[in-house]
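Take a look at the structure set out below.
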Amino acid sequence: MTNSPNNSTNATDAPPSVGFWGEAWQRFRRRKLAMIALWFVVLLCFTALFAPMIVGTKPIVCKYKGNLYFPCLGYYKNSWENPVFRKDRFRNRYTINLKKKDPESWAVWPLVYQDPYRRVRKGEWKDRQGNPSGTNGAPNRINLFGTNQQGFDVFAQMVHGTQIALSVGFVSMGIAGVIGITIGALAGYLGGWVDTLLSRFIELVMCIPALVLILALVAMLDNVNNFHLMAIVGCTSWTGIARLARAEFMKLKQMEFITAARALGASRWRIMFRYVLRNALAPVLVPITFGIAAAILIESGLSYLGFGASPPNPSWGTLLKSGRSTIQQTWWLIVFPGTAIFLTVLAYNLIGEGLQEATDPRLRQDSH
Amino acid sequence: MNAQCWQNGFHRRIAIALLILPLAVGCSSESSDPPANPTGGDSEADAESPAKPSGPVVLGNLLEPFDPPPLEKLLAGHKWIDRPVVDSMQRMRQFQAELPPPKLSAKEALALRNDSPENNELLLDTLGRLAPESGDGVDYEAKITLMADADLKSTNPLLTSSVVESDYHGLTVFGLFGFDKDFEKFASSGSVASWQTSEDRMIDKIVLRDDLTWSDGMPITAHDVAFTFRAIMTDEVIVPALRQGTDKIRWAEAYDDQTVVFFHKQALSTNDSNLNFYIIPKHKYEHTIPDDPSLARSEAHSRLEDDPVVGGAYTLTKRNRGQEFVLERRESYYMHNGRQVRDKPYFKTVRFKVIEDLNTALLALKAGDLQSMTLNAEQWNGQTDDNDFYRHNTKGSGMEWTSFHFCWNLKAPYFEDKRVRQAMSYAMDYQELLDTILYGIYSPCRGNFHETSKMFPQDGNEPYQQDFDKAEKLLDEAGWADSDGDGIRDKTIDGRLVPFEFTMLVVNFEDRVKTATLMKECLESIGITCHVKPTEFTVLMQVMRDRKFQAAFAGWGTGADPDTNTNIWGTNAGRNYGSYSNPHVDALFEQARHEFDEEKRNAIYGEIHSALWEDQPYTWLFWRNSFYGFNKRLRGYNFSPRGPFHYGPGFDSFYMPVDVP
């Protein structure tokens, strides 16, 4: 290139290249459905992140006996709720006890006063009646999505359940991605006996049924939480990613720019993770996106069967499960969580598909 | 009808086993008609040598040597009292004869909606009437399909452990005793000719009828009874439930084919119940048990498992594991030498479909594929009120002495102290439980004995009410305060700060998980962390048996005799999963066992009830009543404190009339 002055001037005149990822993003943006899906997922992320502020029975912020507290943090982690409220025997009834124990206190409440973990009882919030139980909890102004048989608010459970659905997808595929890419990279790049060994290992892991492993784990652990499920799903679903990564690495290591890098004396790790990986990432991202959708389905399925995280676990699958026994009367227990699972899985699949078409050069030519 | 169906054998408490069994589909096995297997059936009716050691296992090796006196000497040496030999059907008939005639005709009763206690009573009063003694109008060709909530694990009566098995054995097994809906015990006139007890209550003499036949054509004799007793009292033979009671018997001796005599170790008021166990055929098991005391491994035993030799009214004809088992009426049960000697059982075929899911079962009931099933609160209240249900069915409910509780393991550091357990009971929100989770149709539990039973003390305790202040006060007194200020109560035990954090096990059923979760919510309010762990039923049972749990949500059905509670409350007793121990209670149980005056005995049990209530080894929650759906063709069902099936006559009195109104 440097030998030809003409070419070099042309290159400087042309607008700077947006690069592979920039180009892919431009292409992705043109796909309407994929973009809607992406926005949907972003919305879900916000919902998940701010769930306790959207719906809950603990104040977002309150002034109590001269100090500022953020009791709603207790929804993220029990111990983040200041122990002073427990010591002062609040018993999770902030609306009543704040004023009773300190008339000077004030509080900012979540948008909707409902709780995913218990039934809101009579007299908790001004003159409001307690949540209806049994099959009487059809959606209304107070219980936007109705209540389950026990009187738990469905909307509250759905909002807090978003956290589970999203984190299960992200964390498990994060784990799977790290393991898959590392093993795939090593196998593909190093080749030889390492490849043989790792490939056999991949095949071995493929034979382990994730579901059975999860059931065994649930039987062993006393307090199963969603991170256990994420870890298992992550540790068993990386095989597809590893195989793709291996193939990509095998292909890319033959390329000239790698030879050039090697000639320049770049270390093996630098080549692998700086030069090859960047170029191999696009095809690997696609199964990860699909994997997120699959992980959400697995979690919902497990909760539906009653093998999910320890109760009370406001996951969408749990809601579906409770709707099953009274399916003819409580449509809202099926429709809302069912729709949420469907839309989320669909969104991830659309994103995955969009990503695939935006990054695969062959498909790119087809689409033009 | 003389059939000793259902009520036999199981005086003992049975764990409430409404379980799910997820992956229990195995190979299917079918068995043809029973008498097809003559091999090994040559019975030596040799009286004196009941199974002498023929293998490594000595039958009856848990028994101390005993030399029974000759029969003549025995008869002459004691004063004998005649004991009741009763036909449970007759007894029910007498009871119903004293009632005023039903207010409604069957047609009117079936048109009635069971939506109030009054209608429930009217309906059951009409439809619960027994068929005429002559059997006129009974459809003897009728087939009935019932629901089994789990697979039949074993057809061997000695291995019985769950409700499904006791349902199966209720119809197929041969036994000597029964009890009516008031738990009055008697010898079944279908099996026993006479029953006498010596005046000192140390000996029971039973004369069997001479027209009894096993399903393979061999006669049922006193030797079978004595042999079964020996088999149960063999160390190597693992009998999950049957040895309780029989271990109080010193010896069983068959003097001839009809006469069997039981020698007791002590004169106890529970001796009658101790005699009640399932009988197995000696000619089949005599040689197989010493070779295979597990009763399940050897080839001979697996043959018997698939093609069991039974002594009851029905016999197994088909068994698809995980799907269904089918029983047929056994002609050799009610016919003897061409003559009818017992009432003909009302059904030709009884089919048990294994349906683990109650929703599926309800659909089957609505479609007419099931003739009867138990309904849960949700189904009773909302899913069985429409025409869809009443097209083929009606429903009925009755009080049942089945209670549910949180069992605290006293060996866990948290629940050693009585005050902590009382605090637990104060923490629970009973109102919320009864009203929302249980749809307001169950009643609060007031302790070990049901308040309508004779054992419940006069002016007995009232149920606990939620009171957080009392709970917190008790916890503080017991030393469980929040010393490190993290909001969770803790206590220094052996120099280590232990936070109050425990796991509650619960069967993987929705209403039970909800109940435990409600407790979790309540405990959280007073600074205690409780993890709820839904578990598969068999796993839960195993963990509880091993005492490797901290707390569990469980339930008990009632035994026919209050003494069965010893097994739950006695120090180191088999089902004392919470390791409760109170010498006073132990002594009272022992005292009650030696008390023959009914009233005084009940008073002692009342005292036990109060002592248990004070100690709160359980947090008693609620009594689960019986709720059943019945096909409109069914008649003759009545409710006992053990439900409509498990007493005498129980299922025996179910029938279908020839013409349906």
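Within every chain, numbering begins at 1; the chains are lettered A, B, ... in the order of the sequence lines, protein sequences first and strands thereafter.
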Rounded to the nearest 0.5 Å, the CD1 atom of B:I488 sits from the CG atom of A:N78 at a distance of 6.5 Å
Sub-4.5 Å side-chain heavy-atom contact between A:S325 and B:E378: yes
Closest heavy-atom pair, B:N508 versus A:L305, reported as atoms and distance to 0.1 Å, is ND2-O, 4.3 Å
Enclosure of A:K99 NZ (heavy-atom neighbours >12, cutoff 6.0 Å): yes
By a 4.5 Å heavy-atom criterion (distance strictly below it), what part of B:F468 contacts chain A: side chain, backbone, both, or neither? both
Of all heavy-atom pairs between B:E432 and A:Q150, which one has the smallest distance, and what is that distance? OE2-O, 4.3 Å
Check for a donor-acceptor pair, side chain of B:Q383 on one end and backbone N or O of A:Q328 on the other, with a separation under 3.5 Å. no
Contact check, side chains of B:T517 and A:Y117, non-hydrogen atoms, under 4.5 Å: no
Going by heavy atoms in the side chains, are B:T436 and A:R119 under 4.5 Å from each other? yes
Given heavy-atom pairs under 4.5 angstrom as the criterion, report whether the side chain, backbone, both or neither of B:D511 touches chain A. neither
First locate atom NZ of B:K514, then atom CG of A:N148, and finally report the distance between them rounded to the nearest 0.5 Å. 5.5 Å
Any ion pair linking B:D429 and A:R121 (charged N to carboxylate O, less than 4.0 Å)? yes
Measuring heavy-atom distances to chain A, does B:V539 have an atom under 4.5 Å in its side chain, in its backbone, in both, or in neither? neither
Does atom NZ (A:K87) have a neighbourhood of more than 12 heavy atoms from anything else shown, all under 6.0 Å? no
More than 12 foreign heavy atoms under 6.0 Å from OH of A:Y76: is that the case here? yes
Can you give me the closest heavy-atom contact between B:D435 and A:S133, atom names plus distance? O-OG, 4.3 Å
Residue B:D486 versus chain A: region with a heavy atom under 4.5 Å: backbone
Should the pair B:E472-A:R91 be classified as a salt bridge under the 4.0 Å nitrogen-to-oxygen rule? yes
The test is salt bridge (charged side-chain N to carboxylate O under 4.0 Å, His left out); show your working for B:D357 and A:R324 and say whether it passes. CA-CA 11 Å; B:D357 178 51; A:R324 199 186 60 136; 3.3 Å; yes
Need one label for B:T535: side chain, backbone, both or neither, based on atoms under 4.5 Å from any heavy atom in chain A. neither
Taking every non-hydrogen atom, the tightest pair across A:S310 and B:V532: CB-O, 3.4 Å
Could you tell me which non-hydrogen atom of A:R89 sits nearest to which non-hydrogen atom of B:R489, and how far apart they are? NH2-NH2, 4.4 Å
Using non-hydrogen atoms and a 4.5 Å limit, figure out which bit of B:K520 sits close to chain A: side chain, backbone, both or neither. side chain
As an exercise: rank B:G487, B:A377, B:A516 by heavy-atom pairs under 4.5 Å with chain A and give me the winner. B:G487
